[in-house]
Amino acid sequence: MAILFVLRAPPALVQLTALGCRMVPNRERTLSYGQAALVSWAGPGVNLLCAGGMLAAGETAHPFFFASLGLGLLHSLPIEPLDGGLALRSLLSLRLGPRRAGRFATGVSLLFLFPMAVLGFLILLRTRYNFTLLAMSLYLMLYLLLGKDLSL
């Protein structure tokens with residue numbers, strides 16, 4: 001969120017959703033596609049930076065290391081509405097325009113979600129209780145299919 005203040009575009013509203021923090025843009029200051037991609041990458045970037053710092057300090061057994069690494073990697077995936085998917089859409093919009101970029105980003109999201117859901121199902125079968133990845137995959141698929149936020 002700090003990057004939005006650096007770009008002089010503070011959010012109009014901050015919401016907590018099942019995927020974390022969602023920021024509603026300020027209509028008085030719109031971001032360029034490049035700036036929007038930068039804002040999208042800022043969150044996972046900080047997570048990965050924290051994990052890298054802990055790795056350099058030899059603190060890889062600490063739960064914060066795994067949480068930072070996991071969140072950074074998950075949110076970097078090119079799946080909408082995750083940060084990586086939003087960044088992909090923004091960067092593609094520079095070349096393809098918003099309409100074609102949206103269709104392409106949705107296709108890429110589905111290509112990543114299908115194996116993620118299969119892996120989640122296999123993990124559930126193997127552990128009999130860990131349904132986290134499967135639930136996340138289904139949530140993201142519903143998000144794409146319904147085309148709206150499924151805030152909890």
Side-chain angles (χ1 to χ4, degrees), residues 1-57 59-60 62-120 131-152:
M1 185 160 53
I3 191 76
L4 288 171
F5 287 96
V6 170
L7 295 172
R8 294 186 180 94
L13 178 67
V14 177
Q15 296 175 325
L16 294 178
T17 69
L19 296 176
C21 189
R22 178 177 178 265
M23 289 175 265
V24 176
N26 187 339
R27 296 197 188 277
E28 294 176 14
R29 167 76 165 89
T30 57
L31 298 173
S32 69
Y33 291 128
Q35 290 172 327
L38 179 65
V39 168
S40 294
W41 279 108
V46 168
N47 286 124
L48 294 172
L49 191 63
C50 288
M54 292 189 78
L55 178 67
E59 293 291 332
T60 55
H62 197 282
F64 186 72
F65 169 76
F66 292 107
S68 294
L69 182 63
L71 284 172
L73 292 175
L74 175 69
H75 281 274
S76 294
L77 291 174
I79 300 170
E80 289 187 294
L82 300 178
D83 295 312
L86 297 175
L88 176 66
R89 179 189 279 247
S90 294
L91 292 174
L92 288 173
S93 293
L94 286 169
R95 292 262 189 190
L96 306 175
R99 183 182 209 101
R100 286 184 60 207
R103 286 195 302 260
F104 190 85
T106 298
V108 169
S109 295
L110 290 172
L111 284 174
F112 273 80
L113 276 173
F114 182 71
M116 194 167 127
V118 169
L119 180 61
F131 58 88
T132 309
L133 186 59
L134 181 60
M136 174 65 79
S137 302
L138 293 175
Y139 175 87
L140 292 169
M141 282 183 199
L142 284 173
Y143 179 94
L144 287 173
L145 293 175
L146 298 177
K148 59 183 172 185
D149 191 13
L150 302 172
S151 301
L152 296 178

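The chain is numbered in sequence order, starting from 1. Hydrogens, waters and symmetry mates play no part in the numbers below; they use all other heavy atoms, side chains included.
- Applying the salt bridge (charged side-chain N to carboxylate O under 4.0 Å, His left out) test to residues at least two apart or on different chains, none of the pairs has a partner in residues 26-55.
- Residues in residues 87-104 take part in these side chain to side chain donor-acceptor pair (under 3.5 Å) pairs, two or more places apart or across chains: E80-R89.
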Could you check L69 against L48 for side-chain contact (heavy atoms from CB on, under 4.5 Å), going step by step and ending with a plain yes or no?
-> CA-CA 6 Å; L69 182 63; L48 294 172; 4.1 Å; yes
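- Annotation: the span from L77 atom CG to L73 atom CG amounts to 7.5 Å, rounded to 0.5 Å.
- Considering only heavy atoms from C-beta on, V46 stays 4.5 Å or farther from S68 through its side chain.
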Take L86 and V39, measure what side-chain contact (heavy atoms from CB on, under 4.5 Å) needs, and give me the verdict at the end.
-> CA-CA 9 Å; L86 297 175; V39 168; over 6 Å; no
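- Atoms CG and CG, from L4 and L31 in turn, are 6.5 Å apart once rounded to the nearest 0.5 Å.
- Residue F112 qualifies as open at atom CZ: its count of foreign heavy atoms under 6.0 Å is 12 or below.
- Taking CG from D83 and CH2 from W41, the interatomic distance works out to 8.5 Å, rounded to the nearest 0.5 Å.
- One finds the NE2 atom of H62 at 14.5 Å from the CG atom of L55 (value rounded to the nearest 0.5 Å).
- The CD1 atom of I79 lies 12.0 Å from the OG1 atom of T106; values are rounded to the nearest 0.5 Å.
- Taken to the nearest 0.5 Å, the CG atom of L144 stands 5.5 Å off from the CG atom of L110.
- Shown here for L133 and G120, the closest heavy-atom pair between the two residues is CD2-N, 3.7 Å.
- For L140 against P81, the heavy-atom pair with the smallest separation is CD2-CD, 3.4 Å.
- The nearest pair of heavy atoms linking A101 to L96 is N-CB, 4.1 Å.
- Contact between F65 and E59 at its shortest, heavy atoms only, is CB-O, 3.6 Å.
- Residues satisfying the side-chain hydrogen bond (donor to acceptor under 3.5 Å, both in side chains) criterion with T60, sequence neighbours excluded, are absent altogether.
- Considering all non-hydrogen atoms of both residues, A105 and L88 come closest at CA-CD2, 4.3 Å.
- Closest of all the heavy-atom pairs between L113 and S137 is CD2-O, 3.9 Å.
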